[in-house]
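Following: one structure in structure tokens, then a few remarks.
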Amino acid sequence: MALGALAACSGGGGTASSAADAGLGASARAAVSSGADCLAPQVLDALGFAGAASGSTAHPDVPEAGPVPEDFAAVSAVLCTTGETLTDAAGRWAAVTATRLEGDVRPLLTALTGSTTRPAAGTSSSPCADGADRADLWLVDALGAAVRVALPAGGCGALPVAVTEGLDALDAVDVEHYPVELVGPRATSSPTPG
């Protein structure tokens with residue numbers, strides 16, 4: 001199923017690592033969280049919704065994104081993306097899309113740990129251009145524990161082909177859209193003099 005560069009995913013399989021990863025210390029690895037959360041303050045900030053994250057207390061803080069831990073046995077993944085809008089009585093909202101994918105996660109893990117797609121340790125991504133789609137990726141184990149994985153270019157814009165192919169090889173089993181930021185309030189008619 002083709003999900004594009006910013007699809008969310010969940011898949012089955014083990015982890016992969018490269019010789020280049022072996023030199024990274026444990027402190028450079030992504031920390032394990034109790035579950036994937038596309039509405040956590042740190043994820044909303046990474047997706048460009050810094051103002052929306054400050055007012056929410058319903059979602060706890062999550063660890064920073066990092067390289068895939070060698071000992072983390074991912075069986076699924078969740079990709080949080082931007083680019084969708086929703087409309088309700090209040091108006092038009094910028095939304096976060098959470099997509100869970102299942103299938104063989106090995107190609108995705110290989111792409112994420114490959115030296116050509118893995119972000120360099122200690123580097124931060126340049127700011128995203130206004131309006132650019134963004135993504136944040138979680139890998140999930142069989143018990144629901146999750147790690148936020150650092151994406152190339154900080155998840156800004158199109159992802160590398162190998163990562164996109166790894167995501168596209170997975171099957172979407174659940175897609176949720178969450179309104180996050182009101183971008184077009186519904187116009188209200190002004191009272192007419194009577």
message = Could you measure the distance from the CD atom of E165 to the OG1 atom of T110? Nearest 0.5 Å is fine.
response = 12.0 Å
message = Please find the pair of heavy atoms, one from A73 and one from D141, that lie closest to each other, and give the distance.
response = O-CB, 3.3 Å
task = Measure the spacing between CG of D133 and SG of C156 and express it to the nearest 0.5 Å.
result = 9.0 Å
Test side-chain contact (heavy atoms from CB on, under 4.5 Å) applied to V68 and L109, step by step = CA-CA 8 Å; V68 179; L109 292 169; 4.2 Å; yes
note = Tested for side-chain contact (heavy atoms from CB on, under 4.5 Å) against E84, the lone hit among V96, V175, T97 is T97
task = Output yes when a side-chain donor or acceptor of R148 lies under 3.5 Å from a complementary backbone atom of V62, and no otherwise.
result = no
request  = Find out whether P41 and D61 are in side-chain contact, i.e. whether some heavy atom of one side chain is under 4.5 Å from a heavy atom of the other.
outcome  = yes
ask   = Judged by atom type as modelled, is there a donor-acceptor pair below 3.5 Å linking the side chain of R186 to the main-chain atoms of A89?
value = yes
query = Is the shortest heavy-atom distance from the side chain of L137 to the side chain of L112 under 4.5 Å?
reply = yes
query = Where do A74 and L139 come nearest, in terms of heavy atoms and distance?
reply = CB-CB, 3.9 Å
inquiry  = Under 4.5 Å between side-chain heavy atoms, counting indirect links through other Ile/Leu/Val/Met/Phe/Trp/Tyr residues: same cluster for W93 and F49 or not?
reply    = no
message = As an exercise, state the distance from CG of L39 to OH of Y178, rounded to the nearest 0.5 Å.
response = 6.5 Å
request  = Report yes or no: does D88 contribute a side-chain atom to a donor-acceptor pair with the main-chain N or O of G91 at less than 3.5 Å?
outcome  = yes
query = Looking only at heavy atoms, which two atoms of L151 and A135 are closest? And how far apart?
reply = CD1-O, 3.7 Å
ask   = Which value, rounded to the nearest 0.5 Å, describes the distance between L108 atom CG and L167 atom CG?
value = 5.0 Å
Heavy-atom closest pair, residues A31 and V147 = O-CG1, 3.6 Å
task = Check R134 against D45 and note the closest heavy-atom contact, atom names and distance.
result = NH1-O, 4.4 Å
ask   = If you measure from OG on S33 to CD on Q42, what distance do you get to the nearest 0.5 Å?
value = 9.5 Å
task = For residues V140 and A36, report the shortest heavy-atom separation together with the two atoms involved.
result = CG2-CB, 4.2 Å
inquiry  = Measuring from atom SG of C38 to atom CG of L47, what distance do you get when rounded to the nearest 0.5 angstrom?
reply    = 7.5 Å
